[in-house]
Amino acid sequence: MASRRFPFIGGLTALLLLLWTAGGTAAADQRPDAALETLLSDARAEAARPGACAAPAADSLVRIVCDGEIRLGVRHHYPLFGEMTGGEYSGYDVDVGRAIAARLGVGVDYARVNAANRIPMLAEDRIDLIIATMGHNTPRDGQVRFIRPHYYRSETILVGPRELEVEDWSDIAGRSICVTIGNGSNQNMVSQGARLMLFDNAGALPERLQDGTCALAAQDDSFFAYYFAQPAFAARYDVKFGFAQVPWGMAVARTGSQRLGDALDLVSQIFHRDGVFLRLAQENRIRTVFLEAQQAIWSSAACNRAGGNDDPACVLPALDAAIEPTEFAARVEAFEAWMKDRTGVALSLAMLKTKPAWTLFWSGVVNSLMLVAGALAATMTFALLIGAMFTARAAPLRWAARALTMVLQSSPIVLTLVIMATLAHALFAYSTAVALCATIVALGLANGCNAGQAISEAMRTLRAEGAADGGLFQRAVALSATQIVSFLVNATKGTPIAAFVGAPELLSALTDITSFASGRATTYGLLLIFYILVVMAVMWGCGRLRLWLERRQAAA
Amino acid sequence: MIQLETIMDEFLPRFLSGMTVNFEIAAIALAVGLGLGLLLALARLGPGAVRAPAILLLGVMRAAPTFVVMFFLLNAIPREAVLFGVNVSPSGVMTVALSLVPYSAAYIADNGVEALRRFRAGSRLGALLFLPNVTRVFFVLVMSSSTGAAIGVHEGIAVILQFADRMPHLGDKLVLFGIGVLCFGAVLQGGFALINLLHRHLGRRVAAGLAAAQTPKG
């Protein structure tokens, strides 16, 4: 019985062993390591064939194996990511490149790249791979082939003194934030009522933070990484919160790099899973929040397989930076080309070419015109009101008018505006309407007080000349027409300052537009023309008003 | 409540130092405005070929809002602008000062034309009004230079805002704003008082000169 059972048990055991081995082999085949080894073995075998290395159509991976080195485009002046000191490259990007070369079994030839030339250098086959702090967005997908998974992710962070209590967006209305002109995340902060201070160069931000010019500074976390690596800076400041995340991608050329791209996808996957990226980030003292999360993802059974980098559940999408054009974008471009051909002037009408820019621009124009109309109405109203108070029989009214005028005449308009905005923010939650109303009241009060004083002086003159009491106030208004007109014009000229307290007028709108579009000089040139025309129109209108008032005065 | 020591030891020294930047900006804007404005005044009184463009230019300069001009300069002039091998990219202070030049030059030109007309009409006293008017525009420029706070220039208002940002309570912020109004007000009112004194003094001297000229000799 026992002897009959053994062949059965032996057969079953053999079958189970066979199934286990087959299953194990199948499981091993699905791991990225095996797929990478297959790709590399094939490339090495192809490179070993006579004449393969000289073949012009060889895939980049074969050529790299032939040359024994990979040509790597890295930045040379980006602290903690890509730096060159004394002829030596260092930083996270550089170390990642070195680790990749080691995994491919080749050496590295570094090339200096910057934001402007890195993609052209790849297209011209001067480098094989870019690792240069490059954000992965949808428009770039048409220019290069990004390696997935992404090797890092940056975000805009708000940095401020540790003692400053800022936790989320609700805490930044009315605060001064130092930013760089053209930063795509500026519009997020403006829309929350922050007061932006603009700088050309990011290097000015930590400096301005330290001398207290701004309460907060906003910039990429990769930029601040260097400063947080300094113990004194880290002790004084912290990250309040981050937003506007952008995944960073290594990239290869779109043509002739199929196998190189596939191999690097697998290397990137393995580096996340094994914590290679994380270790290199720690060594370079940069933020590791993203890499820690990625390690967990790529260690999971669902993603740790050869096809994991094609799975939308494992890889991050590119930042959708494609901007929908307006219906008339083509005509605007044709006009720009026509101008360039005829006059040599390179216009860039960014505000007319994309839908978000056009929406911002149009609402900016409407808000500005509302602001001008409101400031004119408020100035006239306060002028009449304060003029009446100045000439009132009740002494307390006269004293109040005098005190108010004295205070407002002593305050620079920017300070008056800030005081009014601070009071408005203390009373109401931030909104476009609140910011616009605060500005209208501030401009109306500041200019109306002066005009009101002029009315009271005219009234005094009329009384001194023994004018009859009937209709004296109207005659005083007519007599001070020139003064009133000059303060109405002054109020109009002051309206763009509303941008300083976060009111979404045209200057604010165009600052937002230039943060995601080109053509700053044209944009601000057009803004200047717009305001000059508005002020000229107001001057013309006020001139007519003055003539009318003077005629009434003459008739009286 | 904000501490008195904080105001005296920290805020006031930095604020007063910031206010000197306001004076610096105003002085530059006035100096450039004087040069340009007097040229434009002469052009306005000159022959038709130069008068018409001068009038047009003055009209545009009068209508240009300082704040927008500042942002235009900030964005239109490249940071690495080089002229004859020299970097001519303006600093923050210079950008604010240049943005005040259209206003300052137009004001000087208008007052310069008026003074020249009065002088030609034989009114030396009337022509002398030009001097107090120039002094007056200087104080207006000091107040207007506070727009520099928007682009991070470390002038008086920027210092007030910097300290106000640190204050969690509205009352403390208002104390700082009040000090700012007081200090700027003292400068402005003091300045206007000086202008009046200067005007009276010059008037007396001119009147004395005229009287001496009319007194029969011998």
Side-chain angles (χ1 to χ4, degrees), chain A residues 161 163-165 174-176 178 181 195-201 204 208 211-216 406-416 418-419 422-423 426 489 492-497 499-500 506-507 510-511 514 520-521 523-525 527-528 530-536 538-539, chain B residues 10 14 22 59-79 89 92 102-103 142-166 168 170 173-174 177-178 180-189 192:
Chain A
E163 65 275 12
L164 193 69
E165 286 176 18
R175 291 200 185 277
S176 57
C178 287
I181 296 171
R195 204 170 53 232
L196 299 191
M197 290 195 187
L198 303 167
F199 295 89
D200 248 339
N201 180 5
R208 295 307 190 175
D211 71 15
T213 300
C214 34
L216 296 160
M406 205 173 210
V407 168
L408 285 161
Q409 280 175 343
S410 302
S411 171
I413 187 66
V414 174
L415 184 57
T416 306
V418 169
I419 294 172
T422 307
L423 290 173
V489 172
T492 309
K493 288 173 76 174
T495 53
I497 304 179
F500 187 57
L506 191 57
L507 175 58
L510 291 179
T511 303
T514 53
R520 273 161 51 189
T523 306
Y524 284 94
L527 176 80
L528 188 59
F530 170 84
Y531 270 109
I532 286 175
L533 290 177
V534 168
V535 176
M536 280 180 156
V538 169
M539 282 163 93
Chain B
E10 285 185 57
R14 291 183 68 175
N22 292 88
V60 171
M61 286 163 83
R62 267 188 228 108
T66 301
F67 201 67
V68 180
V69 176
M70 184 175 78
F71 273 86
F72 172 73
L73 293 175
L74 193 71
N75 288 280
I77 305 174
R79 291 301 92 188
S89 162
Y103 167 74
V142 170
M143 301 291 267
S144 305
S145 61
S146 58
T147 51
I151 57 166
V153 172
H154 218 65
E155 50 70 64
I157 300 298
V159 177
I160 295 176
L161 296 179
Q162 168 193 332
F163 274 80
D165 266 334
R166 289 194 216 160
L170 179 65
K173 288 179 200 262
L174 291 178
F177 295 154
V181 172
L182 205 67
C183 292
F184 270 104
V187 168
L188 191 74
Q189 302 300 337
F192 285 152

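Reminder, nothing fancy here: chain letters follow the sequence lines and each chain counts from 1.
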Side chains of [X] and [Y]: closer than 4.5 Å at any heavy-atom pair?
X         : Y         : value
Leu527(A) : Phe72(B)  : no
Thr422(A) : Phe177(B) : yes
Leu423(A) : Leu170(B) : yes
Thr523(A) : Phe71(B)  : no
Phe184(B) : Ser410(A) : no

So for [X], is it side chain, backbone, both, or neither that comes closer than 4.5 Å to the heavy atoms of chain B?
X         : result
Leu528(A) : both
Ile497(A) : both
Ala426(A) : side chain

Below 4.5 Å, heavy-atom pairs only: which of [options] has the largest tally toward chain A?
options                         : answer
Arg62(B), Met70(B), Lys173(B)   : Arg62(B)
Gln189(B), His154(B), Arg14(B)  : His154(B)
Val69(B), Ile157(B), Thr66(B)   : Ile157(B)
Gly180(B), Ala149(B), Cys183(B) : Ala149(B)

Heavy-atom pair of closest approach, residues [X] and [Y]:
X         : Y         : value
Val181(B) : Ile419(A) : CG2-CD1, 4.3 Å
Ile532(A) : Ala64(B)  : CG1-CA, 3.8 Å
Met539(A) : Ala63(B)  : SD-CB, 4.2 Å

Going from [atom1] on [X] to [atom2] on [Y], what distance comes out if it is rounded to the nearest 0.5 angstrom?
X         : Y         : atom1 : atom2 : value
Ser146(B) : Leu415(A) : OG    : CG    : 7.5 Å
Leu74(B)  : Tyr524(A) : CG    : OH    : 8.0 Å
Leu161(B) : Arg175(A) : CG    : CZ    : 12.5 Å

Kindly check if the number of other-residue, nucleotide or ligand heavy atoms within 6.0 Å of CE (Met536(A)) is above 12?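 Yes - once you tally the heavy atoms of other residues, nucleotides and ligands closer than 6.0 Å, there are more than 12.
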Just wondering, are more than 12 heavy atoms of other shown residues or ligands nearer than 6.0 Å to CD in Glu165(A)?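 No - once you tally the heavy atoms of other residues, nucleotides and ligands closer than 6.0 Å, there are 12 at most.
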Examine whether an atom of Leu174(B) lies under 4.5 Å from a heavy atom of chain A, and if so say whether it belongs to the side chain, the backbone or both; otherwise answer neither.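 Contact with chain A: side chain only.
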Before giving the answer on side-chain contact (heavy atoms from CB on, under 4.5 Å), spell out for Tyr531(A) and Phe67(B) the whole-Å C-alpha distance, their side-chain angles and the decisive distance to 0.1 Å. CA-CA 10 Å; Tyr531(A) 270 109; Phe67(B) 201 67; over 6 Å; no
